[in-house]
Amino acid sequence: MLRKSVVMPKTAMALTIGASILGQVIGSRAERHRLKAVAERNSIAAETAIVAAVAATGYSTTQVSCSAGGQCGKEGMTWDPLYIKAA
């Protein structure tokens, strides 16, 4: 490839390199868009599966969801940064 580029005119070499870079940018953006679409599709499927599982157990979504009362498991929990468990 180097031997061919020595004989090529400078504008043709610049055009080739520019087209190569542009192709890489377009391809990476398309792949990023595809991965986001797949992740969104999987998250919707996971949410649907969770809702179906909760409905099958008989619990309401407010009993299972953490959005109803703040953080999950927060009630009755205290955090002690100096707590060391003695062995």
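By the rule that hydrophobic residues join a cluster once side-chain heavy atoms approach within less than 4.5 Å of another member, Met13 and Ile21 end up as members of one cluster.
Taking CE of Met8 as the start and CG of Leu15 as the end, the distance is 8.0 Å to the nearest 0.5 Å.
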Please table the atom pairs, donor to acceptor, closer than 3.5 Å between any side-chain atom in residues 30-39 and protein atoms at least two apart or in another chain.
from, atom 1, to, atom 2, distance (Å)
Glu31, OE1, Arg34, NE, 3.2
Glu31, OE2, Arg34, NH2, 2.7

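For Ile44 against Thr48, the heavy-atom pair with the smallest separation is O-OG1, 2.8 Å.
When atom types are taken as modelled, the side chain of Thr16 and the backbone of Ala12 share a donor-acceptor pair closer than 3.5 angstrom.
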